[in-house]
Engineer: 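Sharing a structure with you now.
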Amino acid sequence: MGAHPEGSRELPGGGKVEAGEDPRDGGAPRAALRLYTRRSVPTDPTSTLETMTPGPRGPGGDGLDVSGPDPELLALPSPPKQERTVTVALMAATAIAALWMAVALLGEARYALSPGQPTDVGELASLRPQADLANRYVRTVGLLGTRGAIRYGRAAEGDSFRLAPVAGNPGLWVEIRVPEGFEGPRFVPPSTFAGRLVPFKQAGIRHARLAAEVEEQAGMAVTDDAWLLIDGSSPRASRWAVALVALFLGFAGWNLFGIARVLHRVRDARDARHGS
C-alpha cells in the first residue's frame, strides 16, 4: 500500500478520504470526504443497444424481430363471420336509407337557401310556370276551384290542409294550411298566396302521395306537367330541411366509415395468416 498524505486514508474499491480544514470552524481540522471514481466502473459505457444480438428473437434466435407477424396475434381466434356480415349489412342499409332521405329533402334544402323576398308572378289563372320559377318563393293572387279539391292532415300536426286546383288553370294546384279550429263548412279559402312554387313531382317527400290521394278521394288525375304552390312555405320556414340533410349525410358517412374499418381489419387479418 502506498503512502498517503497526513489525515487521508484509502477506501475499499479505490476511493480515498482526505482531511481538510473547515473555514466555518475557524480552520479547525475536519474529515472532508472526497469520493473518487471506482476503478471497476467504466468511464465511457457502451450503449446496451449496440451489444444486442442482431439475429431474430423467438424460436430461431436471440435478437429482436420486428418484421414478421406476431405469433400470439395469429393464434387468436378469427372474428365470427356471420355476426360480422350482419353488422356490415345493417350499416350498409342504414347508409343507403340516410342517403335516400338526404336526396329526398335536397329540394327543400335548396329552397331554404334561396332569396327570402317573394317574386310577383301575377294572376294564377294565367300563370304558366317555366323552369326558371321552379323551387322559387312567389307571391300571387287567384281563386281556387272546388272540383278535385281534397282535405287531409299530417301526423303530429293539429292543423289540417286543403289541396285544390286553380279555377281556370287545372295544371296548377295550391296547398293551403287551415289552422286548428278553423276547419269547417264556413271556411273561406284565401285569394292571395305566397309560398314555394315547384313542379308537382318535385315537391318532396312530404307531398309524395298527394297525386294518388287526389285520384283516390276526388277521382281526378293530376297531369304529369302539373305545378304545386305551397302557400305559407317561405325559405326561412324551410331551414329545418338543411339541418336534416346535413344530419343524414353525416349519418351515412359515419356508417360508410365503419364499414371500411371492418373490411380493412378483415383484409389485414387475412394477409397476416397468408404471410405466416
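Just so it is clear, the structure is predicted and the values come from calculations on it, not from any experiment.
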Engineer: State yes or no: do Ile96 and Met91 share one hydrophobic cluster built from I, L, V, M, F, W and Y residues joined by side-chain heavy-atom distances below 4.5 Å, directly or via other members?
Structural biologist: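 No, no single cluster joins them.
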
Engineer: Mind checking whether Val174 and Phe193 have side chains closer than 4.5 Å, heavy atoms only?
Structural biologist: yes

Engineer: For Asn135 and Gln202, what are the C-alpha separation, side-chain angles and deciding distance, and is it a side chain to side chain contact (heavy atoms under 4.5 Å, CB included)?
Structural biologist: CA-CA 9 Å; Asn135 216 26; Gln202 301 176 15; over 6 Å; no

Engineer: Report the hydrophobic cluster partners of Leu90, with the cluster defined as I, L, V, M, F, W, Y residues connected by side-chain heavy atoms closer than 4.5 angstrom, directly or transitively.
Structural biologist: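 Leu90 clusters with Val86.
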
Engineer: Is the shortest heavy-atom distance from the side chain of Glu108 to the side chain of Arg206 under 4.5 Å?
Structural biologist: yes

Engineer: So, do Ile176 and Pro189 sit near enough that their side-chain heavy atoms are less than 4.5 Å apart?
Structural biologist: yes

Engineer: For Ala203, is there any backbone N or O sitting under 3.5 Å from a side-chain donor or acceptor partner on Arg196?
Structural biologist: yes

Engineer: Between Leu113 and Tyr111, is there a shared hydrophobic cluster once you connect ILVMFWY residues whose side-chain heavy atoms come closer than 4.5 Å?
Structural biologist: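 No, Leu113 and Tyr111 fall in different hydrophobic clusters.
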
Engineer: Could you work out the complete set of other residues in the hydrophobic cluster of Trp254, with links drawn between I, L, V, M, F, W and Y side chains under 4.5 Å apart?
Structural biologist: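 Reading the cluster by chain and number, Trp254 sits alone, since nothing else belongs.
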
Engineer: Distance check, rounded to the nearest 0.5 Å: Phe187 atom CZ versus Phe182 atom CZ?
Structural biologist: 9.5 Å

Engineer: Nearest heavy-atom pair of Pro165 and Gly148: which atoms, and what distance?
Structural biologist: CD-C, 4.3 Å

Engineer: Work out which heavy atom in Gly116 is nearest to a heavy atom in Pro235; give both atom names and the distance.
Structural biologist: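 Taking Gly116 first and Pro235 second, the nearest heavy atoms are CA-CG, 4.3 Å.
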
Engineer: Thinking salt bridges, do Glu175 and Arg154 make one under a 4.0 Å N-O criterion?
Structural biologist: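 Yes, this pair counts.
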
Engineer: Can you find a pair of side-chain heavy atoms, one from Asp159 and one from Val178, that are under 4.5 Å apart?
Structural biologist: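 No, too far: nothing below the 4.5 Å cut-off.
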
Engineer: Closest heavy-atom contact between Met220 and Val214?
Structural biologist: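 Distance-wise, the nearest heavy atoms are O-CG1, 3.2 Å.
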
Engineer: When you group the ILVMFWY residues by side-chain heavy-atom contacts below 4.5 Å and let the links chain together, are Trp240 and Leu249 in the same group?
Structural biologist: yes

Engineer: Is Tyr137 close to Pro115 at the side-chain level, that is, under 4.5 Å between some pair of heavy atoms?
Structural biologist: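 Result no, sub-4.5 Å side-chain heavy-atom pair not found.
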
Engineer: State plainly whether one hydrophobic cluster holds both Leu99 and Leu105, where clusters connect Ile, Leu, Val, Met, Phe, Trp and Tyr through side-chain heavy atoms under 4.5 angstrom apart.
Structural biologist: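 Linked within one cluster.
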
Engineer: When you compare the side chain of Asp224 with that of Lys201, does any pair of heavy atoms fall below 4.5 Å?
Structural biologist: yes

Engineer: To the closest 0.5 Å, what do you measure between CG (Leu163) and CD (Gln217)?
Structural biologist: 9.5 Å

Engineer: Would a hydrophobic clustering, with Ile, Leu, Val, Met, Phe, Trp and Tyr connected at side-chain separations under 4.5 Å, put Ile150 with Val222?
Structural biologist: yes

Engineer: Give me the atom names and distance for the closest heavy-atom approach of Arg84 to Val262.
Structural biologist: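 Answer, listing the atom of Arg84 first, then Val262: CG-CG1, 3.8 Å.
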
Engineer: Using side-chain heavy atoms (C-beta onward) and a distance below 4.5 Å, is Glu216 in contact with Arg209?
Structural biologist: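 Glu216 vs Arg209: side chains touch.
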
Engineer: Using every non-hydrogen atom in the two residues, find where Ile205 and Met101 come nearest and quote the distance to one decimal.
Structural biologist: CD1-SD, 3.9 Å

Engineer: Is a side-chain donor or acceptor of Ser114 paired with a backbone partner of Arg136 at a separation under 3.5 angstrom?
Structural biologist: no

Engineer: With sequence neighbours left out, write down each residue that passes side-chain contact (heavy atoms from CB on, under 4.5 Å) with Leu127, or none if nothing qualifies.
Structural biologist: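 With neighbours one apart ignored, the set is Val121, Leu124, Pro129, Leu133, Leu172, Leu197.
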
Engineer: Is the shortest distance from a Lys or Arg side-chain nitrogen in Arg177 or Asp231 to a carboxylate oxygen in the other one below 4.0 Å?
Structural biologist: no

Engineer: Could you tell me how the ring of Phe200 sits relative to the ring of Trp173: parallel (under 30°), tilted (30 to 60°) or perpendicular (over 60°)?
Structural biologist: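 Geometry flag for Trp173 against Phe200: perpendicular rings.
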
Engineer: Heavy-atom count around Arg128 CZ within 6.0 Å, excluding the residue itself: above 12?
Structural biologist: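 For Arg128, atom CZ is crowded (more than 12 foreign heavy atoms under 6.0 Å).
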
Engineer: What are the two closest non-hydrogen atoms of Ala164 and Leu144, and how far apart are they?
Structural biologist: CB-CB, 4.2 Å

Engineer: What's the verdict on side chain to side chain contact (heavy atoms under 4.5 Å, CB included) for Leu244 and Phe248, showing C-alpha distance, side-chain angles and the deciding distance?
Structural biologist: CA-CA 6 Å; Leu244 283 182; Phe248 284 126; 4.2 Å; yes

Engineer: To the nearest 0.5 Å, what is the distance between CG on Leu229 and OG on Ser233?
Structural biologist: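 Atom-to-atom, Leu229:CG and Ser233:OG are 9.5 Å apart.
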
Engineer: Taking atom CD of Gln117 as the centre, report whether more than 12 heavy atoms of other residues, nucleotides or ligands fall under 6.0 Å from it.
Structural biologist: no

